[in-house]
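First the proteins, then the strands, lettered A, B, ... as listed; each starts at 1.
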Amino acid sequence: MFFRKPAQQQQRNRWIPIAIFIGPVMVYYLAFMIYPFFATIYYSFNTITPVQGALTTSFVGLKNYISLFNDKVFLLSVKNTLIWSVVGPALEMTTALTLAFLIYFKVPLHRFYRTAWFTPLLVSGVIVGLVFRWIFNNEWGLLNASLRAVGLEGWALNWLGRRDTPLMVVIFVHYWATFGYSMVLLLAGLSAIPEELLDAAKVDGASLLQTVMRIMIPMLWPTFITVLILSFIGKMRAFHVVWALTGGGPMHFTETVATYVQKRAFGWSTLDLGYPSAMAVLWFGVVMLGVGLINRWLKHRVEY
Amino acid sequence: MISAADFRDVPRLYRLRVRGWLAKVGITLPLMLLTLVVIIPFVWMILMSFRTTAEILNDPFGLPETLRFENYVKLIFDPQIGFGRYFWNSIVVSGGALLVTLILSTLGGYGFGRSRYDFKFRGWVFGILLFALMLPPQIFYIPQFTMMSRFGLLNTYWALILIYAATALPVSTYLMATYFSQLPSELEDAAQIDGCSHLQTFFKVMLPLARPAIMTVTLMNFMSFWNELLLAITLVTDPGMRTIQAAMMMFVGEHGSNYAIAAASLVLSMLPTLILYLAMSDKFIEGLTAGAVKG
């Protein structure tokens, strides 16, 4: 304090540690995430093809976006993903909420359940996809073998080889892999509700059902919305499980936007990075819109 | 933010009263059924890995006649399969990406988390960092590919290390910043009075205090790096450089008929996460749920 530096120099010194700490992460992040984000948008207005090893870019305006709406496979993949993003979270949130309450109220064996339901989270999407690809195998899969063993031959469908069932299987398998996650998050939300509140309700003579409906669910609501959004985004971006389970097949019946982007960009030899970029940009908009709608419609429903 | 840290002390005052054996059975039966649906695929996968493909095809749910380890032995020692190579690739990639993530996110988290380093547009800058938090990877990965291609890094460990670390930065920095912001400033002040520079204070005093958060970030990211597939098949196409997840996809293609070997590879590939989980399951659940940030 005795040797106060001139104000300007002090000001400059203040920025040095900030630059040291925040600089690296921001520079890295701008280079490897923000630049690619804008580059994807730029790509989407161009045709980008490799010519003699180097990528050549030519501006095509909105052509990619217009072609999207004439691309039957893309429209099918949008339809599949949208169905999934409604059915999946609905299924997941209802069961996860019920199960979280049951565990919160300590049903017999609740510790065992919590550990068991959490295990699918540990394994990769590839493992989940492959194991269920075998379970649903037509000839020797566990499901059909079991059905035949108990005399239900008629029920033993070619689950992954038909027109109607594969998308249901994909939805189920992803649900199998993720409901435990939503359950654990909701359970954490329930545990964060202050005990005094529940105490007070009990003293006032509230029944269990009243406490759940009037206090716990409203208190849990913000967490519920967060978990719902996470679940929704999870379905919109899911790639691993689908890729390993069906690869989008048969005949694109389980194609999702994520798998189709991958095929158009790197799988098929269509050799154009602009077109899949347009898909990615469009899909980014749809995801943002979905999250916005969930927030808008549900956020203030229960608060009073 | 949702924290799973406190869910071991669930209050007991509203224990669901399950009286009488009928009620007990009524509630236990459906939950047990659900648990079976969750567990059976694992059990079946492990059983498959101890059998031969012929056995599996003949009788899908038979037990292994003898406990044979030949699938595992073949996987590990058969040079034509080269599973060890893929395992090693995954270790290098996950470990490398983790190192980059930890260095950048602890530094950044400290800068963003401590009020002494506040500046005018900090909120905005932090907001930019959190922007990518939950976006679909599709919106980034095509230019990430062309970038790596331009740098000549495709089919090297570097491509995956650099991009994995980038995708992990938002949530990791966020968690580190939250943790650092909760630490008291007395130690920091004392260190500065003793003449430590900003970096010395960080490395000698504050970083050691952040060990729990570092652990969380490590577990969370290790899992997602180890299990990643989309970038792994995009940035690396050379068979020898594949990560374990990409290699397993290849097994089903190439060794398509050999389900027994494939099952054994699935079991082996989940060992690292399984061991970590068994060693510290609570920390692990916390790490996996810490990623659920309000957004």
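- Interface check for chain A: of the options B/Ile139, B/Leu266, B/Leu107, the most heavy-atom pairs under 4.5 Å are formed by B/Ile139.
- Aromatic ring orientation, B/Phe140 versus A/Phe37: tilted (interplanar angle from 30° to 60°).
- Within the 4.5 angstrom heavy-atom criterion, only side-chain atoms of B/Leu169, from C-beta onward, approach chain A.
- The part of B/Tyr277 that comes within reach of chain A is its side chain, from C-beta onward, which places non-hydrogen atoms under 4.5 angstrom from that chain.
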Check the pair A/Arg264, A/Tyr260 against side-chain hydrogen bond (donor to acceptor under 3.5 Å, both in side chains), reporting the backbone distance first and the verdict last. CA-CA 6 Å; A/Arg264 288 306 292 251; A/Tyr260 193 47; 3.0 Å; yes

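- Heavy atoms closer than 4.5 Å to chain A are found in both the backbone and the side chain of B/Leu162.
- Contacts between A/Met288 and chain B at a heavy-atom distance below 4.5 Å involve the side chain alone, from C-beta outward.
- With a threshold of 4.5 angstrom between heavy atoms, B/Ile103 does not approach chain A through any atom at all.
- Among the candidates B/Leu276, B/Thr106, B/Val125, the residue making the largest number of heavy-atom pairs closer than 4.5 Å to chain A is B/Val125.
- Using a 4.5 Å cut-off between heavy atoms, B/Thr28 contacts chain A through both its backbone and its side chain.
- Defined by atom type and a distance below 3.5 Å, a donor-acceptor pair is missing between the side-chain atoms of A/Ser44 and A/Tyr275.
- Residue contact with chain B, scored on non-hydrogen atoms closer than 4.5 Å, involves the backbone and the side chain of A/Ile135 alike.
- In this structure, chain A has no heavy atom under 4.5 Å from any part of B/Ala246.
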